[in-house]
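Everything below concerns the one structure shown next.
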Amino acid sequence: MGEFEEVLLLLVGILGEEAYAFRIAQEFESQTGRSISVGATHSTLDRLEDKGFLKSSFGKATTERGGRRKRIFTITAIGKRVLSNSRDFKVSLWSQYPGFAGKLSIIAG
Amino acid sequence: MTLKRTIPPHLARKLLVRFLRDDLAEEVEGDLDEKFYHTLKSKSPLHAKLDYWYQVLNYIRPFALRKSARYPLNQYDMLQNYLKIGVRNLLKSKLFSTINITGMAISIASFLVISLFIYDEFRFDKHVTDVECKYRVYNERFSEDGTSRKEAMISPMIAPTLASDFPEVESYVRFLNFNNPVLFEVGEKKFAEDKGGLAEPTIFEMFSLKLLEGKAGSALREANTVAINKTLKEKYFGARPAEGETIEIFNRPYKVVAVFEDFSPYSHFQRNYFLAMEGAVRADRLQSWTWSQFHTYIQLKPGTDPAQLEAKLRDFAERHAWPETKPNGSHYIPHLMPLDQVHLQAHEQLWDVAVRGNAQTVYILSATAGFILFIAILNFINLSTARALDRVKEVGIRKTMGAFRKQLINQFISESMIIALVALVIGVGLAQLAIPVLNTFTEKTIPETMLWSPLSILALILFAFVMGTIAGAYPAFYISGYQPTEILSNRNGKSGKALLRKGLVVLQFMLSFFLIIASLTVSQQYTFMRNSDMGFDKNDLVVIRLRGDMYANLEATKQEFSNHGNIIRASLGYGLPGEAFAGDGIRDRQNNNKESGCSMLTVDHDYTRTLGLELVAGREFSRAFPSDEKEAFILTESAARMLGHNNPEEALGHKLAWPRWDHQDSVKTGQVIGVVKDIQLNSMRDDIRPAVIQIFPFAFNTLTMKVKPDHVPETIAHLEKTWKKFNNEWPFEFKFLDDNFDKLYKSEEKLASLFTFFTGFTIFVACLGLFGLVVYSNSHKYKEISIRKLLGAGEASIVVQLGKQYFVLLAVAFVMAAPLSYYAATQWLSKFPFRITVSPLLFVEAGLFILLISLATVGVQSFNAARANPVDALRRE
């Protein structure tokens, strides 16, 4: 899993009910300061869904956006496991890195 | 506050819907909408719209794209099937395929050859840097009678005054052409060099000439310096550098200051060497507003609007030039012509040295190229709809099996693509073979690899596809439109729309008629010009230019040369028909004494008889009248008219005055002793100009001899021997006067025959189509023919029966084409002062021609059909 995919996966988790392509792209921009097109976000979300880390369903129709429904993404159990595996792996790497070993306990805790 | 809502750009949204997978459409549109309105809150509407576009384009990703097939069929297999059926069909109906492929191949080849020619014509001077800022200055000269003509050579004051009056003129160059070759001497090497002249230092920059030696800024600044091209440098100096060397020119040493790369063959201006203008022309002569001998080019500052400058030129001429030119009765206005247009557009300008093409020819040939393609496409449409009957069963079955109409259309279009592609390959091959022929014929140097650049290959393939689509579209829609029930239940389906087919045949033959009449008109006009009476007998006239010692004693020279049995008569003079020479002015003392423009022929006593001029009043020059040598003029009829005489006799005895060429401010006066018929001194393309003939030895530069038509080699040997007696410096040179005229017409006649040639192809392609059509319609009439035969009809009457309808079509085409071609022919002819009239005979000729050809086409086929054994046809079912 690439870094971008990992971030998107996390963002989906953070946004919860609000996790649809535009909102995720917006959040990505505000959190990282990097700009990203909706299409690129959507493409990655689609890939993550193919891999089984995400699942999606249409949200309810609202009066906003011309009554068009949103596709809401949610993390699957596998997705969560992949995220925590990834974190654990990094933590273990960080813990082996002498310069940061002390501070790491704070984060890990 | 405005009520108008800003909404996402419509086009972008349409694009999105077009390519986006249907199941994604709702959410994506929603997301992008939201994004758009979100952006709109903080940014400008433009920004939001651009961002919307950006977002849409960013959705062009594999995951989001609509899968290409609307009908999820196996496209690849179907295409394979189309190709297979297409190829089978081609092979099955060999005649149809041959006709279509031949027609298209010929038309593609013709189109390519013409395109290459045209491309080559438009390439002229495009290589010159900043060519968009560079212009030729030419004059439009108005005579007192209100007529005007354009002149490529203008007076020397115009360019510098333009530069000082108008800051937008950045630089200029003036060039004074040498009409005759000049002798170059370097050590032992002596040659007469032509294509040279006096030029200013800016000449190299104006024509973007690369200097191999010398410096562009300083070369030709000093007097007695010369710049030569690479070819001359190699001729005289071989491999060693030429800069600083000396060439003897006009018996004076000239220092070589520059060697320039030869002019590109795509330059309208072609010269081999330039002598410095500085010191070669007296400074006061350069102050002239009337001495119109200079080819002049200017460069404008970037961004200047030439139209604005052009608009000021009338006033400019009025202020500076008219005070000097008006008293002489004529005046001029300078004009600008973009340098890269001179080649094609300057054909009206007189006294030009440019390599000239003719825009009109280019347009005529382009139209022909279009016609021939069009006719080949019509052939295809015609034959395909005619053959529809053979294909409808296939269509019915395919439809019953579930084929969509769109698929059938694709099928038929892919078949026409196959034909177009095969035709393309053959056509390109033919064009490739034709390039060397075209090059020799038109004296061009079109590279043979021209068709093989990646770009042109791409263009050719695209071209074949477009042609295939255009040709195939109508038959495809037409055939695929049949209802299966109709086709399969009714076995006697009609073979397509007869009316449309007839209409197309009429259209084809209209075009053929039009082209025949056009090419007949063009070739007859040129024949007419070549053979028309020019007022003198141009045959058997040999001309040599006087050189070196021949000038020492002109009479003795003439005696020496004419002292041979084969030389009937000889005359010394200046101003030969067919060569550009100076215009001049003459006054009639007794008739308002106003100066009128005319061509001045300065000759000796024998001129009128040598050239065979026809006297209409008075007498010729004669040694019996000693005064003839100093005080006599002979006028042409038009010169007499110009001086105000209603008939030639009236002019006799009138006193004329002429400003002499040898002493400024002195005037020669004399009486009119005779009037001769008009002489055409130029090509018959031009109006006849008034001419004045007088004896004036100062200007003599040629010896013209009337020779016996036989024993020409002997005569020439005598001339060469005599030439050697006078000098060894100049190589022996002579020419026949009618060569001058051949040169005037040669290029135009070549283009005319090119046109005739392609007209022939067009007619051939049209006849191919007609032939195919007749074959097909006859093949469906076998039963009818057989029954007629059984009932006792003769073969002849059957042929008439079968052919009749086509001749009706031909007649319709003829009636419709006649007025159009009459109009076009008269329009084209109207530019010639001496022209043929478009006679009814021309139409009869063209009509008969087409009739014969189509008779052959239709007749042979119908005759075969009529001769078939009725039993064979009737047994067929």
Side-chain angles (χ1 to χ4, degrees), chain A residues 1-2 4-5 7-9 11-12 14-74, chain B residues 1-69 72:
Chain A
M1 192 167 61
F4 181 58
E5 287 178 330
V7 173
L8 283 197
L9 214 51
L11 286 176
V12 169
I14 294 167
L15 288 169
E17 284 294 296
E18 280 290 289
Y20 58 101
F22 161 63
R23 191 69 189 83
I24 297 168
Q26 204 186 20
E27 193 63 27
F28 180 88
E29 282 181 5
S30 66
Q31 294 265 5
T32 64
R34 284 186 281 163
S35 80
I36 177 92
S37 77
V38 183
T41 315
H42 199 155
S43 158
T44 310
L45 293 171
D46 192 69
R47 194 161 60 242
L48 289 172
E49 197 175 355
D50 277 351
K51 288 181 180 171
F53 302 158
L54 288 177
K55 64 181 194 291
S56 70
S57 60
F58 275 121
K60 284 192 197 84
T62 54
T63 50
E64 293 163 22
R65 27 192 280 174
R68 295 188 193 88
R69 290 172 297 171
K70 303 163 181 169
R71 181 174 293 276
I72 308 293
F73 290 88
T74 40
Chain B
M1 185 187 153
T2 71
L3 286 173
K4 194 165 165 249
R5 252 181 86 214
T6 312
I7 54 166
H10 187 64
L11 193 65
R13 178 174 286 187
K14 264 178 85 166
L15 177 74
L16 182 71
V17 176
R18 183 98 198 125
F19 71 74
L20 200 64
R21 244 162 58 195
D22 285 338
D23 59 316
L24 286 182
E26 183 176 354
E27 59 193 280
V28 172
E29 272 184 83
D31 278 9
L32 293 192
D33 256 26
E34 200 176 335
K35 165 106 181 140
F36 176 79
Y37 290 114
H38 182 79
T39 315
L40 206 55
K41 275 183 218 155
S42 53
K43 303 268 173 53
S44 72
L46 178 71
H47 189 105
K49 281 183 181 175
L50 285 178
D51 182 69
Y52 191 88
W53 270 105
Y54 173 75
Q55 298 299 341
V56 166
L57 294 179
N58 248 297
Y59 256 104
I60 306 183
R61 291 161 184 275
F63 89 97
L65 292 185
R66 178 196 296 286
K67 298 294 166 272
S68 54

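Note on naming: letters A, B, ... go to the chains in the order of the sequence lines (proteins, then strands), and numbering restarts at 1 for each one. In what follows, every heavy atom counts, from backbone to side chain, and hydrogens, waters and symmetry copies are set aside.
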| said: Given heavy-atom pairs under 4.5 angstrom as the criterion, report whether the side chain, backbone, both or neither of V56(B) touches chain A. | reply: neither
| Is it the side chain or the backbone of L32(B) that comes within 4.5 Å of chain A heavy atoms, both, or neither? | side chain
| field | Top of E34(B), Q55(B), H38(B), E29(B) for chain A proximity - count of heavy-atom pairs under 4.5 angstrom | value | E34(B)
| Selection from F36(B), F63(B), Y37(B) maximising heavy-atom pairs under 4.5 Å formed with chain A | F63(B)
| CD1-CD distance between I14(A) and Q31(A), expressed to the nearest 0.5 angstrom | 5.5 Å
| said: Looking at every non-hydrogen atom in both residues, tell me the closest pair between A21(A) and D31(B) and how far apart they are. | reply: CB-OD2, 2.9 Å
| task | Go through the atoms of L24(B) and report whether side chain, backbone, both or neither lie under 4.5 Å from a heavy atom of chain A. | result | side chain
| Measuring from F28(A):CZ to L11(A):CG, what's the distance to the nearest 0.5 Å? | 7.5 Å
| request: Examine distances only and state if a side-chain atom of S43(A) and a backbone atom of G39(A) form a donor-acceptor pair shorter than 3.5 Å. | output: no
| said: Using the rule given for salt bridge (charged side-chain N to carboxylate O under 4.0 Å, His left out), can you reason through D33(B) versus R13(B), listing the C-alpha separation, both sets of side-chain angles and the distance that settles it, and then say yes or no? | reply: CA-CA 10 Å; D33(B) 256 26; R13(B) 178 174 286 187; 2.5 Å; yes
